[in-house]
S.K.: 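Structure below; questions to follow.
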Amino acid sequence: MNGYQLTFFTQQDRHHLRQPLAQWLVEEARRQGISGATLIAGAMGFGHDRTIRSSRFFELAEQPVEVTMAVSGEEADRMLARLK
């Protein structure tokens, strides 16, 4: 299969429609007919603001999470259009 890997990075405390954003992404991938998606909780990371976020600090809400999907070109277009 020729295709793409879509990877989304967010934090555990981010929500969309009253649902954790990472969970929403996984469920939306399923609704879109994508064959599989993986949600991974990260031990530590930092983003564009250069702030370290980690599951080791007091607040687990800032724990970084990653959602990865292996998709065809058509599935990528459909998912990205949905996110837009």
Side-chain angles (χ1 to χ4, degrees):
M1 172 181 147
N2 291 326
Y4 302 93
Q5 176 178 307
L6 294 180
T7 304
F8 301 93
F9 297 94
T10 187
Q11 292 173 209
Q12 191 168 329
D13 64 343
R14 300 281 168 94
H15 288 80
H16 178 68
L17 303 174
R18 297 185 179 198
Q19 182 178 24
L21 180 58
Q23 181 181 340
W24 181 87
L25 284 166
V26 170
E27 291 177 5
E28 184 60 31
R30 186 172 175 220
R31 284 189 288 271
Q32 293 287 328
I34 292 171
S35 298
T38 303
L39 189 154
I40 300 168
M44 181 182 286
F46 69 91
H48 62 88
D49 65 357
R50 313 301 284 173
T51 300
I52 296 287
R53 291 180 170 72
S54 170
S55 60
R56 294 184 217 161
F57 288 96
F58 301 105
E59 190 64 49
L60 283 178
E62 289 191 354
Q63 182 175 12
V65 292
E66 173 186 327
V67 177
T68 303
M69 306 165 200
V71 297
S72 67
E74 181 181 298
E75 290 169 332
D77 291 342
R78 206 170 47 241
M79 185 67 176
L80 293 173
R82 173 69 173 112
L83 296 176
K84 190 175 181 180

S.K.: Which atom pair, heavy atoms only, marks the closest approach of D13 to H15?
M.R.: O-ND1, 2.9 Å
S.K.: Can you tell me if E74 has over 12 outside heavy atoms packed within less than 6.0 Å of its CD?
M.R.: no
S.K.: With side chains defined as the heavy atoms from C-beta onward, is the minimum distance between M79 and V71 less than 4.5 Å?
M.R.: no
S.K.: Heavy-atom count around F9 CZ within 6.0 Å, excluding the residue itself: above 12?
M.R.: yes
S.K.: Please report the interatomic distance CD(Q32) to CG(L80), rounded to the nearest 0.5 Å.
M.R.: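 Atom-to-atom, Q32:CD and L80:CG are 10.0 Å apart.
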S.K.: For residues Y4 and E75, determine if any side-chain heavy atom of one lies less than 4.5 Å from a side-chain heavy atom of the other.
M.R.: no
S.K.: Show the nearest heavy-atom pair for residues V65 and A22, with the distance to one decimal.
M.R.: CG2-CB, 3.8 Å
S.K.: Roughly how far apart are E66 CD and I40 CD1, rounded to 0.5 Å?
M.R.: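 That separation rounds to 4.5 Å.
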S.K.: With the 4.5 Å side-chain cut-off for hydrophobic clustering, are L39 and I34 part of the same group?
M.R.: yes
S.K.: Are R30 and E27 ion-paired here, with the side-chain N under 4.0 Å from a carboxylate O?
M.R.: no
S.K.: I want to check something: taking the side chain as every heavy atom from C-beta on, are P64 and Q11 in contact at a cut-off of under 4.5 Å?
M.R.: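 No, every pair of side-chain atoms sits at 4.5 Å or beyond.
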S.K.: Which pair of non-hydrogen atoms, one from L6 and one from A76, has the smallest distance, and what is that distance?
M.R.: CD1-CA, 4.2 Å
S.K.: Quick check: does any side chain N or O of R82 sit under 3.5 Å from a backbone N or O of E28, one acting as donor and the other as acceptor?
M.R.: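 No, R82 side chain to E28 backbone: no donor-acceptor pair under 3.5 Å.
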S.K.: Evaluate F8 against L83 for side chain to side chain contact (heavy atoms under 4.5 Å, CB included), listing each step before the verdict.
M.R.: CA-CA 11 Å; F8 301 93; L83 296 176; 3.4 Å; yes
